[in-house]
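Worksheet: the structure to be examined is printed underneath.
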Amino acid sequence: MIRSVDAHVHLWNRATDPQPWIDPVTMAAIDRDFAHGDLERMLDSTGVDVAVVVQSINSAAETRRLLTQPGPRVAGVVGWADLTGDVAAQLDELDAAARRRLVGIRHLVHVDPDPDWLGRPDVGAALDRLAAAGLGFDLVVRSWQLPLAATVAAAHPGVRFVVDHLGGIAEADDDGRWEAGLRELAARPNTYAKISGLAGLVSGGDGARLRRVVGVALEAFGPQRLMYGSDWPLAELGCGPVAWRGAVDELIGELSPAERQAVMSGTASAFYRLGT
């Protein structure tokens with residue numbers, strides 16, 4: 001049995017897969033390559049068994065490389081596919097071993113030039129084909145995109161959606177838009193969420209806000225639909241993965257053992273069908 005899963009990490013080699021979004025000034029801590037050895041050391045430091053590697057750029061080539069270079073601590077890969085094209089054909093191009101390692105698909109919706117990309121009819125048809133292939137879809141969206149995500153999730157009840165980083169929490173949520181959007185999304189039973197991408201709140205000393213947003217997620221989704229993710233190596237821009245793991249342990253400390261196990265392993269294992 002997998003005791004613990006980090007549901008959201010990244011690996012990249014910029015010689016083969018450039019990461020133009022990395023600012024060498026403001027993101028100096030991650031302005032380098034990250035390989036499987038780095039991942040193993042990070043997992044050891046946080047006491048986690050395995051990780052799900054998530055795509056960093058909308059690139060079929062990056063996905064193929066991630067799938068064909070498995071590491072012993074990689075439980076699966078969330079890759080990219082062109083959901084405006086023939087998804088079935090793209091999946092058929094993968095060999096059997098790579099196809100087994102592919103556990104989900106993600107598109108960088110939050111930076112797509114088309115603000116309505118997620119609601120496109122061809123994307124909706126592709127999402128249904130992902131479900132038929134046993135794959136979930138990672139939602140990386142901004143807070144203002146959560147209502148559209150909820151609408152799409154309702155229109156495709158057979159698709160499993162997981163929202164990364166609790167849905168792109170805004171720097172300020174005074175108008176309540178993020179909370180309303182997350183609750184609207186969570187009302188769809190085919191949606192899940194990752195407690196990830198929030199290490200900056202720890203390093204920024206904003207513990208009260210961190211407790212509030214995670215509390216909203218726990219209330220809206222429940223532990224059975226929440227999963228832990230470090231968002232490493234981006235966590236290095238905040239408090240770092242070790243401190244982030246400690247913060248999550250504290251945030252879920254009052255849950256029952258079964259509920260903590262769901263957040264730390266069970267939900268991710270079931271959603272991504274790890275070990276099957």
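In what follows, residues are counted from 1 in the order of the sequence shown.
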Side chains of [X] and [Y]: closer than 4.5 Å at any heavy-atom pair?
X	Y	answer
Val103	Phe271	no
Phe161	Asn190	yes
Asp206	Leu210	no
Trp232	Phe34	yes
Val123	Leu127	yes
Leu139	Val152	no
Asp164	Arg106	yes
Asp49	Leu43	no

Tell me whether [X] is salt-bridged to [Y], with the criterion being a basic N under 4.0 Å from an acidic carboxylate O.
X	Y	answer
Arg73	Asp44	yes
Arg245	Asp6	no
Arg41	Asp38	yes
Glu219	Arg183	yes
Asp95	Arg64	no

Considering all heavy atoms, the nearest [X]-[Y] contact:
X	Y	result
Tyr192	Met227	CB-CE, 4.4 Å
Gln145	His110	OE1-CA, 3.5 Å
Val5	Ser269	CG2-OG, 3.9 Å
Ala35	Leu11	O-CD2, 3.5 Å
Pro24	Asp31	CB-OD2, 3.3 Å
Leu67	Ala98	CD2-O, 3.5 Å

Side chain [X], main chain [Y], donor-acceptor under 3.5 Å:
X	Y	answer
Glu236	Pro233	no
Asn58	Leu108	yes
Trp178	Leu146	no
Arg225	Ala186	yes
Ser196	His165	yes
Ser203	Leu237	no
Thr63	Trp80	yes
Trp12	Arg32	yes
Arg129	Ala88	no
Arg188	Glu184	yes

> Given the rule in the side chain to side chain contact (heavy atoms under 4.5 Å, CB included) test, do Val78 and Val52 qualify, once you have shown the distances and angles that lead to the verdict?
Replying inline: CA-CA 7 Å; Val78 174; Val52 175; 3.7 Å; yes

> In terms of hydrophobic clusters joined by side-chain contacts under 4.5 Å, are Trp21 and Val9 together?
Replying inline: yes

>> I'd like to know if Val140 and Leu135 are part of one continuous hydrophobic network [Ile/Leu/Val/Met/Phe/Trp/Tyr, side-chain heavy atoms within less than 4.5 Å].
In response: no

Going from [atom1] on [X] to [atom2] on [Y], what distance comes out if it is rounded to the nearest 0.5 angstrom?
X	Y	atom1	atom2	answer
Gln55	Leu66	CD	CG	9.0 Å
Ser230	Ile195	OG	CD1	13.0 Å
Gln90	Leu83	CD	CG	7.5 Å
Leu255	Ile252	CG	CD1	6.0 Å
Thr267	Gln261	OG1	CD	9.5 Å
Arg273	Arg160	CZ	CZ	4.0 Å

> With under 30° as parallel and over 60° as perpendicular, where do the rings of Trp117 and Phe137 fit, or are they tilted in between?
Replying inline: parallel

>> Apply side chain to side chain contact (heavy atoms under 4.5 Å, CB included) to residues Val87 and Leu91 and explain how you reach the verdict.
In response: CA-CA 6 Å; Val87 171; Leu91 295 177; 4.1 Å; yes

>> Please tell me whether Arg3 and Ser265 have a donor and an acceptor in their side chains that are separated by less than 3.5 angstrom.
In response: no

>> Under 3.5 Å, is there a donor on one side chain and an acceptor on the other for Tyr228 and Asp249?
In response: no

>> Could you walk me through whether Gln19 and Ile30 satisfy the side chain to side chain contact (heavy atoms under 4.5 Å, CB included) test, starting with their C-alpha distance in whole Å, then the side-chain angles of each, then the deciding distance to 0.1 Å, before giving a yes or no?
In response: CA-CA 11 Å; Gln19 307 290 325; Ile30 63 170; over 6 Å; no

>> Can you list everything that forms a side chain to side chain contact (heavy atoms under 4.5 Å, CB included) with Ala193? Sequence neighbours excluded, please.
In response: Val163, Leu166, Phe221, Leu226

> Does the side chain to side chain contact (heavy atoms under 4.5 Å, CB included) test come out yes or no for His10 and Asp231, once each step is laid out?
Replying inline: CA-CA 7 Å; His10 303 285; Asp231 195 26; 3.4 Å; yes

